[in-house]
S.K.: 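Please see the structure below; I have some questions.
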Amino acid sequence: MIQTALTETLGIAHPICSAGMARVAQAELVVAVSNAGGLGCLGSAGFMPDALRDQIEKIKKGTDKPYAANLLLPDALTTEDQQQWAPVRELWDSLDDQERTKLAGIEALLTPGAVADQVQIVLDAVPAAVVLTFATPEWFIRECKERGIQVFALVGSVGKAREASAAGVDFIVAQGTEAGGHTGYASTMTLVPAVIDEVDQPVLAAGGIADGRGLAAALALGAAGAWVGTRFIASPEAFGHTAFKQRVVDGTFKDTTITHSYSGKRMRAFTNRWTSEWETSGAQASGFPAQYAVAGSRVETGYQDGDLDFGMMPAGQTIQLVHEITPAGQIVEQMAAQAETILRRIAPRD
């Protein structure tokens with residue numbers, strides 16, 4: 001069994017975390033990963049407060065193992081300045097009732113005060129860890145430490161890693177551009193060792209990891225574990241339409257693109273008519289989170305309806321390595337076993 005700073009600190013069997021993918025990473029996936037000995041992470045950003053409470057309750061009923069919750073805490077979402085919120089709310093209010101109902105999964109990101117409520121709900125739940133995306137506010141890190149919650153920061157650059165380290169997080173997840181969803185510019189192979197060289201905290205590797213070979217490579221780079229997203233999309237426990245999961249199974253390297261057309265930030269997602277037409281139109285994105293309202297129901301039709309032409313379907317380049325829909329627990333166990341075999345082969349013990 002592979003022991004690292006991650007497994008020892010969190011008390012888990014395998015140095016594998018499922019990514020807190022908004023919409024995809026709901027309670028069922030978190031429970032399956034944690035029960036298999038990994039660290040399941042809830043995509044908390046996708047829930048309004050009452051729904052988030054329900055998700056956490058389902059996790060606690062489904063497992064007594066450690067789990068994590070992902071939160072998005074940039075100033076754009078935590079500000080109480082109504083002037084900053086005004087253009088976002090204007091776009092939201094311009095949507096019809098049917099679209100707003102469809103967009104329940106991003107409503108929290110377009111509603112003043114909702115993220116603050118998410119924060120309090122997560123703090124009250126006291127998960128084993130919280131994973132921060134986009135920002136690492138020191139006030140929140142202090143609140144976590146008072147409760148014994150480990151704080152992870154997901155970063156895509158050395159500069160952001162330095163900021164997170166200085167803010168006092170416990171772990172840093174260095175995510176390469178191969179990853180699905182919001183992502184940076186550097187590759188995992190270069191970013192992970194670069195971040196390790198700059199910070200004192202243990203570092204997890206993310207982006208381009210779909211099996212035990214990727215986990216073994218991450219450990220060889222000096223990482224304490226792997227943060228895995230796309231591989232878990234192709235599992236029965238992940239939230240999402242069958243067509244989305246099958247597209248992950250059938251996809252190849254050339255099938256993803258970097259687009260600002262859904263969220264206003266750099267996102268790796270499947271190429272489709274919407275991303276292509278947006279690119280050729282010359283339109284400028286409205287920024288995060290307002291662009292979600294510009295994209296409208298397309299943000300959800302991929303997950304909910306299997307809309308391959310216009311729906312948002314974040315996915316990483318590991319689609320090339322995913323060949324079947326597999327239960328999440330098996331993914332964890334197979335990844336760990338394959339990595340152990342590889343590491344024994346390349347570094348045999350006397």
Side-chain angles (χ1 to χ4, degrees), residues 19-27 30 41-57 59 67-93 95 100 102-127 129-147 149-156 160 163-164 167 169 173 181-182 239 262-265 267 285-295 299-300 303 312 314:
M21 299 168 282
R23 305 300 287 134
V24 172
Q26 301 193 14
V30 176
C41 183
L42 177 67
S44 307
F47 299 100
M48 289 293 281
D50 288 344
L52 179 56
R53 288 189 189 92
D54 290 344
Q55 286 288 308
I56 291 173
E57 186 62 26
I59 293 169
Y67 73 94
N70 185 214
L71 287 170
L72 277 59
L73 300 181
D75 291 342
L77 297 180
T78 58
T79 182
E80 297 180 1
D81 186 341
Q82 295 304 309
Q83 286 189 326
Q84 290 190 41
W85 278 106
V88 176
R89 294 307 296 175
E90 184 177 348
L91 285 167
W92 176 257
D93 292 340
L95 302 174
R100 284 199 290 267
K102 193 82 168 179
L103 288 170
I106 62 159
E107 185 177 0
L109 304 182
L110 301 172
T111 303
V115 171
D117 289 341
Q118 289 177 344
V119 165
Q120 194 58 53
I121 290 164
V122 168
L123 288 173
D124 290 345
V126 195
V130 170
V131 183
L132 297 176
T133 303
F134 299 148
T136 50
E138 293 184 17
W139 62 265
F140 178 76
I141 295 171
R142 286 195 299 271
E143 292 280 353
C144 287
K145 289 185 180 296
E146 288 175 2
R147 293 165 173 79
I149 301 170
Q150 295 289 306
V151 182
F152 292 49
L154 183 65
V155 304
K160 286 294 184 182
E163 289 179 16
V169 304
V173 183
H182 294 121
F239 175 82
Y262 288 114
S263 73
K265 284 184 175 287
M267 175 188 291
S286 293
F288 178 88
Q291 184 63 23
Y292 280 127
V294 175
V299 174
E300 280 291 328
Y303 299 121
M312 183 176 79

S.K.: Are R53 and E57 close enough for a salt bridge, meaning some N to O gap below 4.0 Å?
M.R.: no
S.K.: For residues 107-118, which residue pairs pass the salt bridge (charged side-chain N to carboxylate O under 4.0 Å, His left out) check, not counting sequence neighbours?
M.R.: none
S.K.: Checking E300 now: which residues fulfil salt bridge (charged side-chain N to carboxylate O under 4.0 Å, His left out) with it, not counting sequence neighbours?
M.R.: R23
S.K.: Could you tell me whether the side chain of F140 reaches within less than 4.5 Å of the side chain of T78, counting heavy atoms only?
M.R.: no
S.K.: Evaluate the criterion side chain to side chain donor-acceptor pair (under 3.5 Å) for residue pair H182 and T133; output intermediate values, then yes/no.
M.R.: CA-CA 9 Å; H182 294 121; T133 303; over 6 Å; no
S.K.: Parallel under 30°, tilted from 30 to 60°, perpendicular over 60°: which one fits the rings of F239 and Y303?
M.R.: tilted
S.K.: Using the ring-ring contact (aromatic ring centres under 6.0 Å, His included) criterion, which residues pair with F47? Sequence neighbours excluded.
M.R.: none
S.K.: Has the side chain of Q118 got a donor or acceptor atom that lies under 3.5 Å from a matching backbone atom of L52?
M.R.: no
S.K.: Quick check: does any side chain N or O of Q291 sit under 3.5 Å from a backbone N or O of Y262, one acting as donor and the other as acceptor?
M.R.: no
S.K.: Check whether more than 12 heavy atoms from other residues, nucleotides or ligands sit under 6.0 Å from atom CG of D54, and answer yes or no.
M.R.: yes
S.K.: Do the non-hydrogen side-chain atoms of Q150 and V130 ever get within less than 4.5 Å of each other?
M.R.: no
S.K.: Which atom names give the shortest non-hydrogen contact between L110 and W85, and what distance separates them?
M.R.: C-CZ3, 3.7 Å
